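Heavy-atom basis, side chains included; hydrogens, waters and symmetry copies ignored. As the structure is a prediction and not an experimental result, all values here were calculated from the model.
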Amino acid sequence: MKFNTAFCVAGVILLNIAGCLGQLDVCGKARLNTKILGGENATAGSWPWQASIHNLLDGGYFCSGTLINKEWVLTSVGCVLHIRMSNIMIHLGRLTQNGSNPHETSRTVIKVIKHPKYNSLGNDLALLQLSSSVNFTDYIKPVCLAAAGSIFVAGTDSWVTGWGVNEEIKFPDILQEVEAPIVGSIECNDAYGGIITNNLICAGFLNEGEKAPCVGDAGSPLVTRQGSVWIQSGIFIGSHYCGEPGYPALYVRVSEHQDWISNYTSSSKPGFVPYPLILSLTDGGSINLLSFPLALAFSIIPLIILRFF
């Protein structure tokens, strides 16, 4: 019995790791991210999955998105609902909208996949297929996505990034980053009059204004760091008067859409990572696997097996 239990425990570790291997070797790794405080300019390479979505007709920025593998960008349906696919241009590795971006690469879009139930707030997400694959660098990398069953409790440290309207009511040149802790569903539901479903996640500062995504930030990623890996929990879809106190920002909950996303990205699956990735042991102890490098996670498996004998 102990022998079987030990191998079941080891199997859980391997399955959790294998389930994320689509992009696990590269996803969510922001080597140049040294920021601690938010509400200010980002630096080059801080958020290497950030996508800047533009209209080719005038070259103007209108939305954000997230690189999730070498050929797909995740965003909000609202960003692409009223624009022809042939007019969409995506810039990756971009920091400033008007200055030089030496680490940038750009792609047009050859396919737009809208969620079939996008009329519902919690399903407002779309996939954009790039015209050709991108090469990963320190400045261009995919984010890891929250796997099905992930739980982000109230107060979880999170960040949102974008080029949307700032406190000066203008579009900033440089990518902005702001801290946005998770807000509990009950509090959020009370604020928004009962519209919050399991497909939505809320984040922001309930008692502070002007520290939230705004107009132009649709599709922006909400991310949380787990160990050395950044995981996208949400896609920004709106807020009440851009961060008015008492109203957190609303995001589509990524973990609720793992199957849908995987269905269209099967040729190069994104890295889905459970949050928090905790292995519970029989004696009530626990191990957070993402506190360890991948090699170390494998090395602890024999130790776990031994403890059952």
Side-chain angles (χ1 to χ4, degrees), residues 49-58 60-69 71-92 107-131 142-143 145-146 148 150 160-165 171 180 188 192 195-204 212-223 231-240 242 247-266 268-270 272:
W49 39 82
Q50 186 82 28
S52 183
I53 306 176
H54 294 241
N55 189 336
L56 278 174
L57 292 179
D58 59 13
Y61 163 84
F62 65 89
C63 266
S64 284
T66 318
L67 185 68
I68 60 173
N69 62 22
E71 57 179 332
W72 288 93
V73 164
L74 182 65
T75 189
S76 162
V77 169
C79 289
V80 296
L81 194 57
H82 302 295
I83 183 172
R84 293 171 62 91
M85 182 179 69
S86 58
N87 291 332
I88 300 174
M89 172 67 77
I90 296 180
H91 301 289
L92 299 164
R107 297 288 190 276
T108 54
V109 172
I110 59 173
K111 185 179 291 185
V112 175
I113 308 293
K114 305 181 187 74
H115 194 284
K117 297 181 180 178
Y118 67 80
N119 287 322
S120 167
L121 276 178
N123 298 307
D124 185 1
L125 71 164
L127 288 165
L128 310 182
Q129 187 174 17
L130 305 178
S131 54
V143 73
L145 300 178
S150 292
V160 61
T161 49
W163 287 274
V165 170
F171 289 102
C188 193
Y192 282 98
I195 67 170
I196 306 305
T197 67
N198 290 336
N199 281 9
L200 293 171
I201 188 169
C202 307
C214 194
V215 177
D217 281 320
S220 291
L222 178 70
V223 296
I231 302 169
Q232 182 176 0
S233 60
I235 304 164
F236 176 65
I237 55 172
S239 62
H240 191 274
C242 299
Y247 293 90
L250 302 180
Y251 300 81
V252 173
R253 191 182 291 269
V254 172
S255 60
E256 292 295 313
H257 298 283
Q258 178 173 346
D259 290 343
W260 183 81
I261 293 170
S262 297
N263 183 52
Y264 290 101
T265 58
S266 57
S268 177
K269 287 188 180 298
F272 285 95

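Within the 4.5 Å cutoff, the side chain of N123 has no heavy atoms near those of the V252 side chain. Between L121 and I196 the shortest side-chain heavy-atom distance does not fall below 4.5 Å. Inter-residue side-chain proximity for V77 and I237 is flagged as unmet; no heavy-atom pair is nearer than 4.5 Å. Contact of the Y251 side chain with the C202 side chain is not registered, since no non-hydrogen atoms from C-beta on lie closer than 4.5 Å. Counting only heavy atoms from C-beta outward, the side chains of V109 and I90 approach each other to under 4.5 Å. Between I88 and L56, every side-chain heavy-atom pair lies at or beyond the 4.5 Å cut-off.
In terms of heavy-atom proximity, I261 sits nearest to P270 at CG2-CG, 4.2 Å. Minimum heavy-atom separation, A126 to V80: CB-CG2, 4.2 Å. Listed here is the closest heavy atom pair of L200 and G122: CD2-CA, 3.7 Å. Nearest heavy atoms, I235 versus S76: CG2-N, 4.1 Å. Of all the heavy atoms in Q232 and V254, the pair that sits closest is O-CB, 3.7 Å. Among all heavy-atom pairs drawn from I201 and S233, the shortest one is CG2-O, 4.1 Å.
In this structure, CG in L74 is found 6.5 Å from CG in L145, a value given to the nearest 0.5 Å. Summarising the geometry, atom SG belonging to C63 is positioned 11.5 Å from atom CH2 belonging to W163; distances are rounded to the nearest 0.5 Å. Here T108 contributes atom OG1 and N87 contributes atom CG; the two are 11.0 Å apart, rounded to the nearest 0.5 Å. To the nearest 0.5 Å, atoms CZ (F272) and CG (D259) are separated by 8.5 Å. Atom OH of Y61 sits about 8.0 Å away from atom CD1 of I53, to the nearest 0.5 Å. Rounding to the nearest 0.5 Å gives a distance of 10.5 Å between OG1 of T66 and CG of L125.
Donor-acceptor pairing under 3.5 Å is lacking for the side chains of S255 and H257. Defined by atom type and a distance below 3.5 Å, a donor-acceptor pair is missing between the side-chain atoms of E71 and S268.
When atom types are taken as modelled, the side chain of S262 and the backbone of Q258 share a donor-acceptor pair closer than 3.5 angstrom. Within the 3.5 Å criterion, the main-chain N or O of S64 finds a donor-acceptor partner in the side chain of T75. Panel note: side chain D124, backbone G78; a donor-acceptor pair is recorded below 3.5 Å. No donor-acceptor distance shorter than 3.5 angstrom exists from the side chain of S220 to the backbone of V160, with no hydrogens or angles considered.
The one candidate from S239, C188, P213 that meets the side chain to side chain contact (heavy atoms under 4.5 Å, CB included) condition with L250 is C188.
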Task: Chi angles and distances behind the side-chain contact (heavy atoms from CB on, under 4.5 Å) call for V73, I68 - done: CA-CA 6 Å; V73 164; I68 60 173; over 6 Å; no
Task: Verdict with supporting geometry, L128 and K111, side-chain contact (heavy atoms from CB on, under 4.5 Å) - done: CA-CA 6 Å; L128 310 182; K111 185 179 291 185; over 6 Å; no
TODO: Could you check I110 against L130 for side-chain contact (heavy atoms from CB on, under 4.5 Å), going step by step and ending with a plain yes or no?
DONE: CA-CA 6 Å; I110 59 173; L130 305 178; over 6 Å; no
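Aromatic ring orientation, H115 versus W260: tilted (interplanar angle from 30° to 60°).
Surrounding CG of D58 are more than 12 heavy atoms belonging to other residues, nucleotides or ligands, all under 6.0 Å away.
Legend: residues meeting side-chain hydrogen bond (donor to acceptor under 3.5 Å, both in side chains) with R107, ordered by chain and number and at least two apart, are T105, S132. A search for side-chain hydrogen bond (donor to acceptor under 3.5 Å, both in side chains) contacts involving D217 returns nothing, not counting sequence neighbours.
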